[in-house]
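The chains referred to below are lettered A, B, ... by the order of the sequence lines, with proteins before strands, and numbering in each begins at 1. As a basis for the values below, the full set of heavy atoms in this structure was taken, side chains included, without hydrogen atoms, waters or symmetry mates.
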Amino acid sequence: MKNREIAELFERIADALEVKGETGFKVVAYRKGARILQDMAEDVEAVAREGRLGSVPGIGEGLAKKIREYLETGKMAKFAEAMKGLPESLLGLLEIQGLGGKTVHLMHEKLGVKDIDGLKRAIADGSLAGLPGMGDKKVDNLRRALEARERTAERVSICEAAVIADEVIAYLRKAPGVGRVSAAGSLRRMKETVGDIDILACGKDGSKIIRHFTRHPGAVRVLAEGGTKGSVVIRTGDAERQVDLRVVAEREYGAALLYFTGSKAHNIKLRGLAKERGLKISEYGVFKGDKRLASREEEDCYRVLGMPWIPPEMREDRGEIELALENRLPRLLEAADIKGDLHVHTRASDGDLSLGEVAGLARKMGYSYIAICDHSRSVTYARGLEVERLAAEIEEIEAFNRTLRGFRVLKGSEVDILADGSLDFPDKLLGRLDFVVAAIHSGFKKNVTERMLKALANPHVRTIAHPTGRLISRRGGYEVDLDRVIDGAARHGKALELNAYFDRLDLDELNLKKAKSKGVRISIGTDTHFADGLAMMRFGVGIARRAWLEKGDVLNTLGADELVGRTAIRKERGKRARRP
DNA sequence: GCCGTTTTCGGCCCGACTGTTTTCAGTCG
């Protein structure tokens, strides 16, 4: 799939044009094209082959031609042309806060700055300050931006962002005269990683609330402290994270929340739509001339634009506005729909908790079941269970279940898919289980696709855990042809997992969309190993919502009887089929 | 470069902030 490659090229063309001073709408068009390609669940090659490039909104004649050229020749003449005379390293300067195309162009032209080191030298020897429009403060800000860049990660995991935001929001609720408080930005949209942490509050006296905010005990630096906006750097562990707060009047809360939640592309589409109708939309409301039509609630703003409220997770300009206008938005999966967790470890393998402890926590979450899926014998580093230990665990769970009412522990396993695609336990043992998750933990480059397909064909397997194996902060994942795995799951009527652990979130939103389009159900499991792990479900649900999954797409919205009953029925069918 | 039951040319989201200016450009979200 070349979607990302081509998106990257368009992105760099946009950067190069910007640095060459060709700002404006051409640059925007390339950036938009890049985003569309990245968001596209379909393989751009297939779309091009079927002659459908022209019908993708945002891809016109020009971009379509360049895409075809790249697919056919592996090259894009426009890219070479745009990069002519520009060192590649120059484009990296655009990532520095406060540096845009104009300034980078000027620095390159007048001072011969080519990269970050060149910029540092130009700051140090004073030549930068000599540029027109460049004063002491700008130079100083750039110096600080360079320092900050070395200290803070570009994006943080949604989990880390949520923990910080939850804490700061709780703290802000104690501010004098504060009204509603909410996370905004990509955190509210539940993106798998988050840039800055954005928080919105309302209240009569913005300055007082912001002063309270900048006095947060974890704040190591205050970047801004005004009447409507505050910005601090908060230290968590060894990292520093920027948290921005905006305070608006209560009557503007909805419009401001809509605006600060984004995404930018969603906002732009909405504003264009408003304009077509003679309206104007800003963070202060939806206006007709000077008349404010809506601003208090997000719902009001959407309503005067002729559509129902759009869930934040959908706000990416991926067709949600068009659907909303036709009143055809899907009813997304909700946290309350989840009846159990389908991937949980205990102390028997590498978890921290006993069976009783994890079941107790699950009950507190309001679940009616969990599936205990400890590792199998080959995963020695995780104390994988031998046959006898799994048999013992099965008996332990059965005995435990007899003591319970209104809750059930499902007997499961995260059984390893071995190098030859066979499973780490014999079928007879797997047949005693309620829920079998198959997974790869070794041989990431060895026939992964074939092994997964073979596992999916086993009648006892219900789902494949973390099907790409990526770890967001650490590694890309297995060498796997996921399209074939999705097709295999569809063929065998099996599910695929959405692993809700924050560093996995695997399948990701694009692959979830693909799976849904093929009719493949998704099992959401937290893969929990410790007490806080079950709560990761919120991220799984968030990503599922970003992929537009509905209740019916997700396996663990079923009750335990239905879930296990289906297994039993399938096994029965399998047996009958095998008997001539 | 994209787009169009107003348009095939002339539009293309909106406002705030900052720092540099003496009326505005650049950048950001």
Taking only the [atom1] atom of each, what is the distance from [N] to [M] in whole angstrom?
N      : M      : atom1 : result
B/dA16 : B/dG11 : C1'   : 25 Å
B/dC28 : B/dT20 : P     : 16 Å
B/dC12 : B/dT7  : C1'   : 13 Å
B/dT6  : B/dG1  : P     : 28 Å
B/dT8  : B/dC3  : C1'   : 10 Å
B/dC24 : B/dG10 : P     : 26 Å
B/dT23 : B/dT18 : C1'   : 15 Å
B/dC17 : B/dC2  : C1'   : 30 Å

- Which is true for A/K275 with a 4.0 Å heavy-atom rule: it touches a base, it touches only sugar-phosphate, or it touches nothing?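 Here A/K275 touches the backbone only, sparing every base.
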- Give A/K280 one of three labels, base, sugar-phosphate or nothing, depending on what nucleic acid heavy atoms sit under 4.0 Å from its own.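 Sugar-phosphate only.
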Could you state the [atom1]-[atom2] distance from [X] to [N], rounded to the nearest angstrom?
X      : N      : atom1 : atom2 : result
A/L279 : B/dC13 : CG    : P     : 15 Å
A/E252 : B/dA16 : CD    : C1'   : 14 Å
A/L128 : B/dG19 : CG    : P     : 15 Å
A/N141 : B/dG19 : CG    : C1'   : 9 Å

- Query: Taking A/R189 for the side chain and A/T261 for the main chain, is one N or O donor matched with an acceptor at less than 3.5 Å?
  - Reply: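 Flag set: sc A/R189 to bb A/T261 pair under 3.5 Å.
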- Message: Main chain of A/D508, side chain of A/D506: is a donor-acceptor contact present, judged purely on distance under 3.5 Å?
- Response: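 A pair under 3.5 Å: no.
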- Heavy-atom protein contacts under 4.0 Å, nucleotides 20-29 of chain B, coded B base, S sugar-phosphate only, - none: S-----SSSB
- Task: Spell out protein contact along nucleotides 1-7 of chain B as letters: B when the base is contacted, S when just the sugar-phosphate is, - when no protein heavy atom is under 4.0 Å; keep the 5' to 3' order.
- Result: BSS----
- Query: Is it the case that A/K516 places NZ or CZ above or below the six-membered ring of A/W548, under 6.0 angstrom from the centre and within 45 degrees of the axis?
  - Reply: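 Not flagged: A/K516 not positioned over aromatic ring of A/W548.
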- Query: Counting just side-chain N and O atoms, does A/Y284 come under 4.0 Å of either OP1 or OP2 of B/dA16?
  - Reply: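 Affirmative; the distance criterion is met.
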- Query: Counting just side-chain N and O atoms, does A/T228 come under 4.0 Å of either OP1 or OP2 of B/dC17?
  - Reply: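 Checking B/dC17 against A/T228, a side-chain N or O does come within under 4.0 Å of OP1 or OP2.
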Without placing hydrogens or testing angles, list every side-chain donor-acceptor pair under 3.5 Å for residues 110-118 of chain A, not counting sequence neighbours.
{"residue": "A/D115", "atom": "OD1", "partner": "A/D117", "partner atom": "N", "Å": "3.4"}
{"residue": "A/D115", "atom": "OD1", "partner": "A/G118", "partner atom": "N", "Å": "2.9"}

Between [Y] and [X], is the closest basic N to carboxylate O distance under 4.0 Å?
X      : Y      : result
A/D317 : A/K264 : no
A/E297 : A/R180 : yes
A/E509 : A/R318 : yes

Going by atom type alone, with no hydrogens or angles, which donor-acceptor pairs under 3.5 Å involve a side-chain atom of residues 7-17 of chain A and a protein atom two or more places apart or on another chain?
{"residue": "A/E11", "atom": "OE2", "partner": "A/R31", "partner atom": "NH1", "Å": "2.5"}
{"residue": "A/R12", "atom": "NH2", "partner": "A/E88", "partner atom": "OE1", "Å": "2.5"}
{"residue": "A/R12", "atom": "NH2", "partner": "A/E88", "partner atom": "OE2", "Å": "3.1"}
{"residue": "A/D15", "atom": "OD1", "partner": "A/R31", "partner atom": "NH1", "Å": "3.0"}
{"residue": "A/D15", "atom": "OD1", "partner": "A/R31", "partner atom": "NH2", "Å": "3.0"}

Show me the donor-acceptor pairs within less than 3.5 Å that the side chains of residues 46-62 of chain A make with the rest of the protein, sequence neighbours left out.
{"residue": "A/E50", "atom": "OE1", "partner": "A/R52", "partner atom": "NE", "Å": "3.0"}
{"residue": "A/E50", "atom": "OE1", "partner": "A/R52", "partner atom": "NH2", "Å": "2.7"}
{"residue": "A/R52", "atom": "NH1", "partner": "A/E42", "partner atom": "OE1", "Å": "3.3"}
{"residue": "A/R52", "atom": "NH2", "partner": "A/E42", "partner atom": "OE2", "Å": "3.0"}
{"residue": "A/S55", "atom": "OG", "partner": "A/R52", "partner atom": "O", "Å": "2.7"}

- Under the ring pair (Phe, Tyr, Trp, His ring centres under 6.0 Å) rule, what pairs show up with a residue in residues 193-225 of chain A, not counting sequence neighbours?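 Every ring pair (Phe, Tyr, Trp, His ring centres under 6.0 Å) pair that includes a residue of residues 193-225 of chain A, provided the two are not neighbours, is A/Y171-A/H212, A/Y171-A/H216.
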- Task: Write down the partner of B/dT8 under the Watson-Crick or G-U wobble criteria, each distance required to be under 3.5 Å.
- Result: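 None - no nucleotide pairs with B/dT8, as no candidate has both distances under 3.5 Å.
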